[in-house]
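The block underneath contains the structure these notes are about, expressed in structure tokens.
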Amino acid sequence: MTPRAEDAPARRRLTAAARRERILAAASELFGRDGYGRVSMAQIAAAAGITNPVVYDHFASKRDLYAELLGRQSQRLLEATTAVPRNGTLEDAIRGGIAAFFAFVEEHPAAWRMLFRDAPTDLEIDEAHRRVQADATERLAEVFGARAGRIIVPAGVSETQAQAMVAELAKSALNGLAGWWWSH
């Protein structure tokens, strides 16, 4: 007996927003595992369970998709690492930020790899990475600056520059340590 179309279970069509999120989730895993240069839009479509043209309905290019993911991952990391109580001390902010950073790396390894491990091979992606890093330094400088009081610095260095220097130092140290941790 041949099954009839009306006997088949009804398939629900995903909303555009749900398809977009499926694409982003698949791309995040692939980029995190294989890096930007080794992933194609066809692979992303296959991993998301949709067709290639649907991916292009949502993203004009692999570069656009990667840049959006990079921005999202960066925002998630910044929210996690800078969400510290306003009345805490600088030490509380640093300890909380470090714990949140390593929890993020452990819970979102693909995101961490996109943000820190793989060097960009595309000029526009490189620029997106620079913006992400600059935003992170600025946000951390705000967190540190709100708690640090006056940072002692050499003559000619403003307090704002000093806060940015401390933020860059902390960020670079954590990124380096996370790279070591990832490998060991």
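Heads up: numbering here begins at 1 and tracks the sequence. In what follows, every heavy atom counts, from backbone to side chain, and hydrogens, waters and symmetry copies are set aside.
The heavy-atom pair separating A26 from A48 by the smallest distance is CB-N, 3.7 Å. Here the shortest heavy-atom pairing between A100 and A80 reads CB-O, 3.1 Å. Smallest separation of non-hydrogen atoms from A136 and L78: CA-CD2, 3.7 Å.
Between the T137 side chain and the Q133 main chain, a donor and an acceptor come within less than 3.5 Å of each other.
When hydrophobic clusters are built by joining Ile, Leu, Val, Met, Phe, Trp and Tyr residues whose side-chain heavy atoms come closer than 4.5 Å, directly or via intermediates, W180 is grouped together with L115. The cluster map of Ile, Leu, Val, Met, Phe, Trp and Tyr, joined by side-chain heavy atoms under 4.5 Å apart, puts I125 and L24 in the same cluster. In the hydrophobic clustering of this structure, L169 does not group with V157; members are Ile, Leu, Val, Met, Phe, Trp, Tyr whose side-chain heavy atoms approach within less than 4.5 Å, directly or through other members. By the rule that hydrophobic residues join a cluster once side-chain heavy atoms approach within less than 4.5 Å of another member, Y66 and V55 end up as members of one cluster. Linking Ile, Leu, Val, Met, Phe, Trp and Tyr residues whenever their side-chain heavy atoms come within less than 4.5 Å leaves I23 and L14 in two separate clusters.
The distance from the CD1 atom of I44 to the CZ atom of R22 is 14.5 Å, given to the nearest 0.5 Å. How far CG of L30 is from CD of Q43: 6.5 Å, rounded to the nearest 0.5 Å. In this structure, CZ on F101 lies 5.5 Å from CG on L174, to the nearest 0.5 angstrom. E21 CD to T15 OG1: the interatomic distance, rounded to the nearest 0.5 Å, is 9.0 Å. Taking CD of Q73 as the reference point, atom OG of S28 lies at 4.5 Å (rounded to 0.5 Å). Taking CD of E138 as the reference point, atom CZ of R131 lies at 13.5 Å (rounded to 0.5 Å).
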K62 and Y36: CA distance, side-chain angles, deciding distance, side-chain contact (heavy atoms from CB on, under 4.5 Å) verdict
CA-CA 9 Å; K62 180 172 85 166; Y36 176 78; 3.6 Å; yes
- Query: How far apart are the C-alpha atoms of H58 and V54, what are their side-chain angles, what is the distance that settles it, and do they pass the side-chain contact (heavy atoms from CB on, under 4.5 Å) test?
  - Reply: CA-CA 7 Å; H58 292 273; V54 173; 4.1 Å; yes
*Should F31 and R113 be marked as a side-chain contact (heavy atoms from CB on, under 4.5 Å) after you check the CA-CA gap, both sets of side-chain angles, and the distance that decides it?*
CA-CA 8 Å; F31 288 140; R113 183 172 176 175; over 6 Å; no
- Would you check, one step at a time, whether the test side-chain contact (heavy atoms from CB on, under 4.5 Å) holds for W112 with L77? CA-CA 9 Å; W112 176 78; L77 178 58; 6.0 Å; no
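Within a 6.0 Å radius of CZ in R130, other residues, nucleotides and ligands contribute more than 12 heavy atoms.
Using a 4.0 Å cut-off between charged side-chain N and carboxylate O, R20 and E68 make a salt bridge.
The ring-ring contact (aromatic ring centres under 6.0 Å, His included) check on H108 picks up F104, with sequence neighbours excluded. Under the ring-ring contact (aromatic ring centres under 6.0 Å, His included) criterion, Y56 pairs with no residue at all, not counting sequence neighbours.
With a 4.5 Å cut-off on side-chain heavy atoms, M41 and L65 count as touching.
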